[in-house]
Asks: 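I am attaching a structure below and will ask some questions about it afterwards.
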Amino acid sequence: MKKILLAGLFWCCAIIAFAQFTISIDPFTPIESQGNFPADLKKAANTPKSAKTYNPFLVAMLQQGKILYGSEMNQYLDNIKEKLLVNYPQLQQDIHVYILQTPIVNAYSMPDGTILVTMGMLAQVTNEAELAFVLAHEIAHYSERHDNSDDTKSKDKDVVRRYIRNQQYSREQEFTADRVGLTKFFKDTPYSYDIIDGIFDVLLYSDLPFDEIPFQRSEVETDFYHFPDNYFLKTVSNIPDRSNMIDTLLTHPNIEKRRTVAKGLVRSFSNDGRKAFVQPEEQFTRLRDAARFSCIERYLINHDYDKAIYNTYVLQQSFPNNAYLDRAMVTAYYGASKHKGQGKTNVMMEPYKEVEGEQQQVNYLMSKMNRNEYAVLALRKAWTTMQKHPNDEYLQSVVKDLIADIFVKNKMRYIDFCDYPQGTSIEDIAQTGEDTTRQTGSKYDRIKQQNMSAKVLPDPKFKTVNYMLVDIHSDSLFKVLVNDAVVNGEMQAVLEAVSDGHIGNEKSVLIAMPIYHIYSDNGNITDQSADRRNAEQLQKIMCRAAKRAHVTPVTLQMDFKHPETEQYNSFVKINQWYQDFANAGALDMRYHTSEYLDEIAAALGSRKLCFVTVTDSPGRGFFGNKLTLPWLMPAFPYSIPVVITVLCLRQYDFDVNFRVIDIIDGTVESSGHYSHSEVMRKAYINGYVYRMMENYVRR
C-alpha cells in the first residue's frame with residue numbers, strides 16, 4: 001500500500017512538473033527560460049572582450065534578455081538536434097541550440113557551436129522536418145568551420161553590427177551548408193525530403209505575416225458608423241514572385257538556386273518511410289502557435305503596431321476568444337493612438353506603399369485616420385474588450401487613459417458624440433416620438449440641456465468620429481469616467497504646476513543602466529565600449545546621489561558571474577519593459593509589459609525607475625567646423641594660436657534626458673532635459689545628472 005501511495009505521489013508530482021514546463025496559449029503568458037542557467041552561455045557572458053572567442057552578438061543578446069533556454073520549445077529543438085547528430089557524439093556535445101526572441105525569420109551559427117533559432121522561424125515553418133533542415137544547415141556551417149574572422153581594420157565601432165556583417169556567409173559556404181546538411185546530417189534522420197520546397201518558400205517569403213486573409217472593414221466599423229470609402233484600398237498590392245531575383249551583385253545565392261541545387265542532391269535518395277513529423281504533430285502545432293503569440297509580444301514591445309494589428313487579426317480567426325489576443329489588439333490600437341497623438345506615425349508602421357499583400361490594407365487605413373479617429377477607435381476596442389474581461393486592470397487603465405486623451409488632451413466634449421447612428425436625420429428621430437428640440441433659451445438653459453443626461457442629436461457638421469460611440473455614449477459608467485477625466489485633468493494641471501516630483505515614502509529607487517551614445521561627424525556611433533564606460537560611470541553617480549539622500553539605489557543588472565534562472569527571467573521582464581518604454585519615445589502611456597513586474601517590484605522594494613539618456617556629438621568650433629580652420633592660417637598668421645586652441649579644445653553638443661517613471665502604472669514621476677555645447681561636456685553631464693537625482697530623492 002505504501003508503494004502504491006508513493007507511486008501515486010510520484011506521478012502527481014510528475015504531472016504538476018510537466019504542466020509547469022508545458023507551453024500553453026490559453027491562457028498565454030510570455031515564455032520563460034527553465035532549468036539551470038547553461039554553462040556555455042555563462043562562459044560566453046564572462047569571456048574577456050580581448051579574447052578571440054569573445055562573441056559580441058551573443059553577449060549583446062544575453063544582456064538584452066533575448067535568449068530563451070530550457071523551455072519546452074528548446075527541448076523540442078534539442079530532440080531534433082539529437083536525431084540529426086545521432087552518429088556524431090562529439091558534435092552532440094559541442095553544439096547548443098537556443099531561441100532568439102525576435103520575430104525575424106532567421107537562424108545563426110556561432111564559431112563556439114551556439115546555434116540561435118529565432119522565434120520568427122518557429123512561427124513560420126509548417127512542419128518539424130523543415131526545422132530539421134534549418135538546424136542541419138546551421139550545424140553544417142559549424143562542422144565545416146565557416147567562421148569568417150572579424151575584420152580588425154574595420155572603422156565601424158558598432159561591434160554587434162560588425163560581427164553580424166562579418167559572419168555573413170558567402171555563396172559557396174551557403175551551398176556547402178545545404179549540401180553537407182542534407183547529405184551528412186539530414187540523411188540519417190527519418191525526416192521527409194519532400195519538405196525542401198516548403199522550407200525554401202518560408203525563407204523566400206519570410207517577411208510576410210502568418211497568413212494572407214482579407215482585412216474586413218467590420219474589424220473597424222459597426223452598424224452605427226462607417227469610415228469614408230477612400231480610407232480603404234479597392235485592391236491591395238500583389239505579392240510578387242521572388243524566385244527569380246537577380247543575385248549577381250549579392251553575397252548570398254538566390255533562394256531559387258539553392259532550392260534547385262538542394263532538390264538535385266536528394267533526387268536519387270529514397271523517401272520511403274520518411275515523414276514530416278517525428279514528434280507529435282499536435283505538439284508542433286501548439287508550439288508554433290505559441291511562437292506566433294510570442295512574435296505578437298515582440299511586435300508590441302517594438303511598437304510595430306501595424307504588424308501587431310494584422311497578425312493578431314489573423315490569429316483571432318483561429319482563436320476568437322483568446323484573452324491574450326484580445327489584450328494584444330487593444331494594446332496595438334492604443335499604442336498607435338498614442339504615437340499618432342504625438343505625430344510619430346513613422347515609428348509605429350511602415351509606409352503603406354512599401355507593404356505587400358493584405359496587410360497593406362491596415363497600413364493604408366492607419367495612414368488615413370486622424371488623431372481623434374485613432375483615439376476613439378482605440379477606445380472602442382478597449383471598452384468592448386473590457387466588457388469581455390471586466391476584471392482586467394490593464395484594460396481598465398487603458399480605457400481611462402484614452403478617455404482622458406479624447407476629452408482632456410484632444411479637447412473633445414461629451415456633446416461632440418451623437419447618440420444616433422450615422423445617417424440618421426432629425427425627421428427620423430421625430431417619427432419615433434422623441435423630443436428633437438434644439439438647445440434654446442438662456443445661457444443657463446442651454447448649459448442644463450448640455451447635461452450628459454440629454455441625448456445628443458445629429459448635426460450637419462458631424463463627421464464619422466462623432467458617431468463612433470453611439471453604443472457606448474449613454475452607458476452610465478462611461479458618463480462617470482468622462483466626468484472624472486475632465487475633473488482630474490483640471491486637478492492634474494494644478495498639481496503639476498506646484499509639484500516638485502520627489503520620491504515620496506519609498507526607501508529605495510531603481511536605477512537603470514543609462515543609454516549613452518557618442519556620435520562622430522557623420523552621425524555614426526564612434527565606440528560602443530566608450531559608451532558602456534560612460535554609462536557605467538553615470539550609473540555610479542546616480543547611486544552616489546541616492547545614497548547621500550539616504551535612499552537605497554537598486555541597479556538593474558544581471559549577474560552573469562553567478563547567474564540563476566529566476567534572476568534571469570526577472571531581468572528579461574525588466575528589459576522588455578525598458579525596451580517598451582524606450583520605443584515609446586517618452587510617451588505618457590500605460591505599458592502592457594508592466595503587468596509582469598508586480599512581484600519583481602515588490603522583491604526589489606521599489607517601483608520607481610530612474611534612467612538617463614545621453615547623446616554626445618562633435619559641435620562646431622570657432623568660425624564653423626574645425627576642418628575649415630587650417631585654411632585661415634595663411635591669410636591670418638596671427639590667428640595660429642587661436643586655431644590650435646580650437647582644434648585641441650573642440651566643443652561638443654550634448655543632450656541629456658532624465659526621467660523617473662513608475663514601472664507599474666507608467667506615470668512619469670519626474671523629468672528633466674539639458675542641452676548644451678561645451679568643451680568639458682562630461683563634467684556638465686555628470687553634474688546635471690547628479691543634481692537631478694539628488695533633487696528627486698530628497699526627503
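Quick note: residue numbers are just sequence positions, from 1. The figures that follow rest on heavy atoms only: side chains count, while hydrogens, waters and symmetry mates do not.
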Asks: Check whether Asp188 reaches the backbone of Val86 with its side chain - one donor and one acceptor, N or O, closer than 3.5 Å.
Replies: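 Absent.
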Asks: If we count only N and O atoms by modelled type, under 3.5 Å, do the side chains of Tyr324 and Glu297 hold a donor and an acceptor together?
Replies: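 The answer is yes; a qualifying pair exists.
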Asks: Verify the distance criterion only: is there a donor paired with an acceptor across the side chains of Asn106 and Thr118 at less than 3.5 Å?
Replies: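 Checked: Asn106/Thr118 side chains show no N/O donor-acceptor pair below 3.5 Å.
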Asks: Can you give me the closest heavy-atom contact between Leu68 and Tyr98, atom names plus distance?
Replies: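 Scanning both residues, the minimum pair turns out to be O-CB, 3.8 Å.
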Asks: What distance separates Tyr596 OH from Ser570 OG, expressed to the nearest 0.5 Å?
Replies: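 Result: 14.5 Å between the selected atoms.
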Asks: May I ask you to decide if Tyr193's main-chain N or O and Asn271's side chain share a donor-acceptor pair within less than 3.5 Å?
Replies: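 Confirmed, Asn271 side chain pairs with Tyr193 backbone.
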Asks: What's the verdict on side chain to side chain donor-acceptor pair (under 3.5 Å) for Tyr568 and Asp559, showing C-alpha distance, side-chain angles and the deciding distance?
Replies: CA-CA 9 Å; Tyr568 179 72; Asp559 179 14; over 6 Å; no
Asks: Would you check if the side chain of Asn74 reaches a backbone N or O of Ser71 as a donor-acceptor pair within less than 3.5 Å?
Replies: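 It does hold such a pair.
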Asks: Just wondering, do Glu82 and Gln92 contact through their side chains at under 4.5 Å, heavy atoms?
Replies: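 Touching, per the 4.5 Å side-chain cut-off.
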Asks: Would you mind checking if Glu128 and Lys83 are paired as a salt bridge, meaning a charged N to carboxylate O distance below 4.0 Å?
Replies: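 Glu128 and Lys83: not salt-bridged.
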Asks: If you measure from CG on Asn36 to NZ on Lys42, what distance do you get to the nearest 0.5 Å?
Replies: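 The distance works out to 11.0 Å.
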Asks: Between OG1 of Thr331 and NZ of Lys381, what distance do you get to the nearest 0.5 Å?
Replies: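 Atom-to-atom, Thr331:OG1 and Lys381:NZ are 13.0 Å apart.
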Asks: Centroid separation under 6.0 Å, is that true for the rings of Tyr305 and Tyr333?
Replies: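 When the ring centroids of Tyr333 and Tyr305 are compared, they turn out to be at least 6.0 Å apart.
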Asks: Do Tyr88 and Phe185 have their ring centres less than 6.0 Å from each other?
Replies: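 Yes - the distance between ring centres of Tyr88 and Phe185 falls below the 6.0 Å cut-off.
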Asks: Using a distance-only test with no angle check, is there a side-chain donor-acceptor pair under 3.5 angstrom linking Gln579 and Asn583?
Replies: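 Gln579 vs Asn583: no donor-acceptor pair found between side chains.
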Asks: Looking only at side-chain N and O atoms, does Arg274 offer a donor or acceptor that is under 3.5 Å from a partner on Tyr191?
Replies: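 There is no such pair between these side chains.
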Asks: Can a donor-acceptor pair be found between the side chains of Tyr69 and Thr565 at a distance below 3.5 Å?
Replies: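 Distance-only check passes for Tyr69 and Thr565.
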Asks: Before you tell me yes or no, could you show the steps for Gln359 and Glu212 under side chain to side chain donor-acceptor pair (under 3.5 Å), namely the whole-Å CA-CA distance, both residues' side-chain angles and the distance that decides it to 0.1 Å?
Replies: CA-CA 8 Å; Gln359 183 171 326; Glu212 282 292 307; over 6 Å; no
Asks: What I want to check is whether the side chains of Asp112 and Asn55 have a donor and an acceptor closer together than 3.5 Å.
Replies: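 Looking only at side-chain atoms, Asn55 and Asp112 do not form any donor-acceptor pair under 3.5 Å.
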Asks: State, with a plain yes or no, whether a side-chain heavy atom of Gln216 is found less than 4.5 Å away from one of Tyr313.
Replies: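 Of all side-chain heavy-atom pairs linking Tyr313 with Gln216, at least one is under 4.5 Å.
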Asks: Parallel, tilted or perpendicular: which one describes the rings of Phe57 and Tyr108, with boundaries at 30° and 60°?
Replies: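 Ring orientation, 0 to 90° scale: tilted.
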Asks: Please examine the side chains of Asp211 and Glu358, heavy atoms only from C-beta on, and report whether any two atoms are closer than 4.5 Å.
Replies: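 The answer is no, as the side chains (C-beta and beyond) never meet within the 4.5 Å cut-off.
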Asks: Do the non-hydrogen side-chain atoms of Thr385 and Met329 ever get within less than 4.5 Å of each other?
Replies: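 Thr385 vs Met329: side chains apart.
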Asks: When you look at Ser594 and Tyr394, which way does the side chain to side chain donor-acceptor pair (under 3.5 Å) test go after all the steps?
Replies: CA-CA 9 Å; Ser594 294; Tyr394 169 74; over 6 Å; no
Asks: Side-chain donor-acceptor pair under 3.5 Å between Thr126 and Glu130, yes or no?
Replies: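 Their side chains do contain a donor-acceptor pair, which is all the 3.5 Å distance test asks for.
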Asks: Do Ile213 and Tyr310 come within less than 4.5 Å of each other through their side chains, counting heavy atoms only?
Replies: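 Yes, their side chains come closer than 4.5 Å.
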Asks: According to the side-chain hydrogen bond (donor to acceptor under 3.5 Å, both in side chains) rule, which pairs have a member within residues 196-208, sequence neighbours left out?
Replies: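 Of all non-adjacent pairs touching residues 196-208, those that pass side-chain hydrogen bond (donor to acceptor under 3.5 Å, both in side chains) are Asp197-Arg259, Asp197-Lys263, Asp201-Arg259, Asp207-Arg242.
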Asks: First locate atom CG of Asn254, then atom CZ of Phe200, and finally report the distance between them rounded to the nearest 0.5 Å.
Replies: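 Separation between the atoms: 10.5 Å.
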Asks: With no hydrogens and no angle check, just 3.5 Å: does a side-chain donor-acceptor pair link Asp580 and Gln576?
Replies: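 The criterion, which ignores hydrogens and geometry beyond distance, is not satisfied for Gln576 and Asp580.
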Asks: Is Arg258 close enough and on-axis enough to Phe175, meaning under 6.0 Å and within 45°, for cation-pi?
Replies: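 No; the conditions do not both hold, so Arg258 does not lie above the ring face of Phe175.
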Asks: Classify the angle between the aromatic ring planes of Phe560 and Phe571 as parallel (below 30°), tilted (30 to 60°) or perpendicular (above 60°).
Replies: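 Perpendicular: the ring planes of Phe560 and Phe571 meet at over 60°.
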Asks: So, Gln360 and Ser237: side-chain donor and acceptor under 3.5 Å apart, yes or no?
Replies: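 Yes.
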Asks: Can you confirm whether the side chains of Asp78 and His96 place a donor and an acceptor under 3.5 Å from each other?
Replies: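 Not at all, the side chains of Asp78 and His96 share no donor-acceptor pair under 3.5 Å.
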Asks: Is the backbone of Cys295 close enough, under 3.5 Å, to the side chain of Lys307 for a donor and an acceptor to pair up by distance?
Replies: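 Judged by distance alone, no pair lies under 3.5 Å.
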Asks: Enter the distance from Leu116:CG to Leu100:CG here, rounded to the nearest 0.5 Å.
Replies: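 Interatomic distance, Leu116 CG to Leu100 CG, rounded to 0.5 Å: 5.5 Å.
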Asks: Do you know which two heavy atoms are closest between Ile23 and Ala290, and how far apart they sit?
Replies: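 Smallest heavy-atom distance, with atoms named: CG2-CB, 3.5 Å.
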Asks: Tell me, please, whether Tyr142 has Arg145 positioned over its six-membered ring: NZ or CZ under 6.0 Å from the ring centre and within 45 degrees of its axis?
Replies: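 Here Arg145 passes the 6.0 Å and 45° test against Tyr142.
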Asks: Go through the side-chain N and O atoms of Glu356 and Asn238 and say whether any donor and acceptor fall under 3.5 Å apart.
Replies: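 No, no side-chain donor-acceptor contact under 3.5 Å.
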Asks: Should Leu597 and Ile574 count as side-chain neighbours, where that means a heavy-atom distance under 4.5 Å?
Replies: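 Touching, per the 4.5 Å side-chain cut-off.
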Asks: Tell me, do Ile199 and Leu131 make a side-chain contact under 4.5 Å, heavy atoms counted?
Replies: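 No, too far: nothing below the 4.5 Å cut-off.
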Asks: Can Lys187 be said to sit on top of Phe269's aromatic six-ring, NZ or CZ under 6.0 Å from centre and within 45° of the ring axis?
Replies: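 The answer is yes; both the distance and angle limits are met.
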Asks: Does a side-chain N-to-carboxylate-O contact under 4.0 Å join Lys573 and Glu32?
Replies: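 A salt bridge links Lys573 with Glu32.
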Asks: Which value, rounded to the nearest 0.5 Å, describes the distance between Leu325 atom CG and Arg292 atom CZ?
Replies: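 Those atoms lie 12.0 Å apart.
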Asks: Has Glu138 got a side-chain atom pairing as donor or acceptor with Gly181's backbone, closer than 3.5 angstrom?
Replies: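 Side chain of Glu138 to backbone of Gly181, a donor-acceptor pair under 3.5 Å: no, none is there.
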Asks: Would you mind reporting whether Met121 and Leu203 have side-chain heavy atoms less than 4.5 Å apart?
Replies: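 Answer yes - side chains close enough.
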Asks: Taking the side chain from Asp304 and the backbone from Met348, do they hold a donor-acceptor pair closer than 3.5 Å?
Replies: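 Judged by distance alone, no pair lies under 3.5 Å.
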